[in-house]
> 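First the structure, then my questions, so here it is.
Order of the sequence lines fixes the chain letters, A, B, ..., with proteins taken first and strands second; residue numbering starts at 1 for each chain. Computed from a predicted model, the values in this text were never measured in an experiment.
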There are 2 protein chains.
Amino acid sequence: MNPLEQTRAHFIQGMSRISHFWGFPKAMGAIYGAIYLSPTPLSLDELVQQAGVTKGAVSANVRQLERLGMVHRHIEVGQRRDYYIAETDFWRIVRGILQERQQSEFDRALASVGESLALLENVRGDEAEFARQRMAAMQSFFSALDGLVQALLKLESLVSLRALSRLVERAGKE
Amino acid sequence: MNPLEQTRAHFIQGMSRISHFWGFPKAMGAIYGAIYLSPTPLSLDELVQQAGVTKGAVSANVRQLERLGMVHRHIEVGQRRDYYIAETDFWRIVRGILQERQQSEFDRALASVGESLALLENVRGDEAEFARQRMAAMQSFFSALDGLVQALLKLESLVSLRALSRLVERAGKE
DNA sequence: TAGAATGTTTAGTTATTACTAAACAAAATA
DNA sequence: TATTTTGTTTAGTAATAACTAAACATTCTA
């Protein structure tokens with residue numbers, strides 16, 4: 001294995017770890033890593049070889065990566081084979097992930113708290129009142145969080161993360 | 001089961017779901033939910049009953065919750081029993097979680113990419129050059145992300161999430 | 001049209017994690 | 001000091017998720 005291949009392997013392993021850390025399958029990270037490092041579009045078979053997982057796993061994970069907007073499937077007409085290329089705009093990727101996770105389960109959290117609150121609608125007593133207050137506070141936090149994510153999602157580009165950091169820093173000093 | 005208890009159960013179930021969604025054990029969410037809704041500090045045995053898990057699970061998860069700063073152990077002198085109360089400042093909680101997750105595995109991501117880059121140090125060729133560029137781009141993104149998190153961690157209070165959202169919105173329009 | 005190439009689906013396996021049950025340790029109380 | 005109360009640890013179990021291997025479906029090519 002030449003130095004370049006070694007590096008690639010190391011990088012892919014790292015991506016696999018990161019992927020797992022963020023709550024995604026390890027294979028997903030490995031596959032993205034392989035595609036990301038390749039100057040040319042990769043086929044499924046090449047991915048099997050480079051990421052070290054089976055066809056089935058590549059097929060499934062590449063689809064998920066596509067849904068998140070992390071890779072793009074490049075189909076040529078009159079060509080059976082698919083090729084994959086990496087999305088390199090990380091802000092797009094972040095958006096893709098936020099959207100995906102958002103729509104699915106995030107609102108459900110809000111809904112769940114809302115339901116609980118509704119259940120207390122006409123229950124009297126100190127304990128009920130206390131619970132109501134707490135739940136309302138949590139609801140408010142969740143909806144504010146949601147608002148922040150929505151605001152972020154509206155950003156075209158990541159303005160530059162660093163600029164955003166400075167913004168936050170300044171906000172903190174006020 | 002009276003209406004209040006029903007609500008509590010519903011809320012606890014919701015927390016359990018959310019917890020799982022964010023990559024934490026379900027019992028952890030359930031336990032936090034129970035403590036959060038209680039106007040008085042709860043003992044381990046009460047948590048066993050309310051969260052519906054065993055002593056062992058409560059013991060382990062409550063410790064984790066403490067590490068994250070989500071609950072506080074209230075020990076009275078000359079008292080064997082521990083009591084737990086909820087942290088209700090969600091910004092504190094967010095910080096606790098970010099710090100915990102940050103320190104542990106986030107920097108390691110950065111390190112991993114750095115290592116890969118180092119491996120390519122004196123490898124020549126177009127492919128190596130390409131890989132180098134890509135890895136550098138990713139490294140830069142990660143470190144910017146890290147910067148943002150650091151900036152957020154420095155914030156005393158959450159200024160108000162909504163204010164932050166507006167800030168982001170304004171930033172996007174420029 | 002037969003065979004090869006390619007991607008998807010599915011059934012089964014493996015690995016991981018979170019939990020339970022029970023033993024244990026430590027401290028309070030009788 | 002013996003017993004009870006309380007929290008922790010540990011060994012084993014159950015649940016879940018991710019992957020493999022192989023069957024399958026579809027499309028291209030000879």
> Should A/Glu127 and B/Arg8 count as an ion pair when the cut-off is N to O under 4.0 Å?
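Answer for the salt bridge query: yes.
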> Taking ring pair (Phe, Tyr, Trp, His ring centres under 6.0 Å) as the cut-off, I'd like each qualifying pair that reaches into residues 108-147 of chain B, sequence neighbours left out, listed once.
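Those involving residues 108-147 of chain B are A/Phe90-B/Phe141.
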> Given that B/Pro25 and A/Ser43 both sit by DNA chain C, which one's nearest nucleotide is further toward the 5' end?
A/Ser43
> Are A/Arg67 and A/Phe24 in a cation-pi contact, defined as NZ or CZ under 6.0 Å from the six-membered ring centre and within 45° of the axis?
no
> Go nucleotide by nucleotide along DNA chain C from the 5' end; which of B/Lys26 and A/Val62 gets its closest nucleotide reached first?
A/Val62
> For the pair made of CE in A/Met28 and P in D/dA17, what is the distance, rounded to whole Å?
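Going from A/Met28 (CE) to D/dA17 (P), I get 15 Å.
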> Less than 4.0 Å between a side-chain N and a carboxylate O, is that true for B/Glu129 and B/Arg132?
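Looking at B/Glu129 together with B/Arg132, the answer is yes, because their closest N to O distance falls below 4.0 Å.
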> Counting only heavy atoms not in B/Asp126 (residues, nucleotides, ligands), do more than 12 fall under 6.0 Å from its CG?
no
> Mind checking side chain to side chain donor-acceptor pair (under 3.5 Å) for B/Glu46 and listing every partner two or more places apart, or none if nothing turns up?
B/Ser43
> Once you round it to whole Å, what is the distance between P of D/dT16 and CZ of A/Phe24?
21 Å
> With rounding to the nearest 0.5 Å, note down the distance linking OG1 in A/Thr7 to CD in B/Glu115.
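Separation between the atoms: 11.0 Å.
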> For a quick check, tell me whether the side chain of A/Arg80 and the base of D/dT26 share a donor-acceptor pair closer than 3.5 Å.
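Check passes, donor-acceptor contact within cut-off.
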> In residues 45-58 of chain A, which ones come under 4.0 Å of DNA chain D, going by heavy atoms?
A/Gly52, A/Val53, A/Thr54, A/Ala57
> Please classify the nucleic acid contact of B/Ala60 as base, sugar-phosphate, or nothing, using heavy-atom distances under 4.0 Å.
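Counting heavy atoms under 4.0 Å across all strands, no contact is made by B/Ala60.
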> Kindly state each residue pair satisfying side-chain hydrogen bond (donor to acceptor under 3.5 Å, both in side chains) with at least one member in residues 12-31 of chain B, sequence neighbours excluded.
A/Glu105-B/Arg17
> Only pairs at least two apart or in different chains count here, so list each ring pair (Phe, Tyr, Trp, His ring centres under 6.0 Å) that has a residue in residues 47-89 of chain B.
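Qualifying pairs, neighbours excluded: none.
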> Atom CZ of B/Arg81 to atom P of D/dT4: distance rounded to whole Å?
16 Å
> In whole angstrom, give the distance that lies between atom CG of A/Leu44 and atom P of D/dT26.
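Value for this atom pair: 18 Å.
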> Which nucleotide of DNA chain C is the first, and which the last, in the 5' to 3' direction, to come under 4.0 Å of a heavy atom belonging to chain B?
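Under 4.0 Å from chain B, the extent on DNA chain C is C/dA18 to C/dA27.
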